[in-house]
Amino acid sequence: MTAYGKPLPRITPDNRPFWDAARCHRLALQRCADCARFRYPPAPVCPACLSDRAEWAAVSGQGAVSTFVVFHQRYFPSFAADIPYNVVQVELDEGPRLTANLIDVPNAEISIGMRVEVIFDDVTSEISLPRFRRAAT
Ligand code: ZN
């Protein structure tokens, strides 16, 4: 999604490795060092085992659409001008689900199970969600 005039997500000790990796065109997610479950968004404590030990793991950026919604300005008049746009949940091959924006695919062609891959745009203040496109087959 392109949100004009929106400030950069706040960089904190919790999510700095995510943005550092994104600037190097890699996708990294926080993972519990004890039970190995991914924590997304990053959290100080694992919601599954309550461990406070975490590590950052590289993930492929490949996955499939698990749910999606298309926003129309008629119903959300206060939203940005670049709508209709979509918000998809992408289930990565490694397991975690990311809320993302699917670009270069007409909204009518989005379907559950569609294979997608992350796009490593330069990190700017206008990008507020990870962006994905249809995976090359
Ligand atoms: Zn855990």
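The shown structure was predicted, so the numbers you read here are calculated from the model rather than taken from an experiment. When a ligand or atom number is given, it counts from 1 through the structure's own listing order.
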Subject >> Partners passing side-chain hydrogen bond (donor to acceptor under 3.5 Å, both in side chains) against R115 (at least two apart in sequence or in another chain) >> reply: D93
Original post:
What protein atoms of element N, O or S are positioned under 2.8 Å from the Zn ion (ligand 1)?
Top reply: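 Protein N/O/S atoms under 2.8 Å of the Zn ion (ligand 1): C32 SG, C35 SG, C46 SG, C49 SG.
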Original post:
Are V45 and F18 co-members of a hydrophobic cluster defined by side-chain heavy atoms under 4.5 Å apart?
Top reply: no
Subject >> Non-hydrogen atoms of V87 and F71 that approach each other most closely >> reply: CG2-CE1, 3.5 Å
Subject >> Polar side-chain atom of D52 near backbone of C46 as donor-acceptor pair, under 3.5 Å >> reply: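 The answer is no, because no donor-acceptor pair under 3.5 Å joins these two groups.
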Subject >> Residues which pass side-chain contact (heavy atoms from CB on, under 4.5 Å) with E55, listed by chain and number, not counting sequence neighbours >> reply: R31, A33
**OP:** State which residues pass side-chain contact (heavy atoms from CB on, under 4.5 Å) with D20; sequence neighbours excluded, sorted by chain then number.
**Re:**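 D20: side-chain contact (heavy atoms from CB on, under 4.5 Å) contacts with R16, R23.
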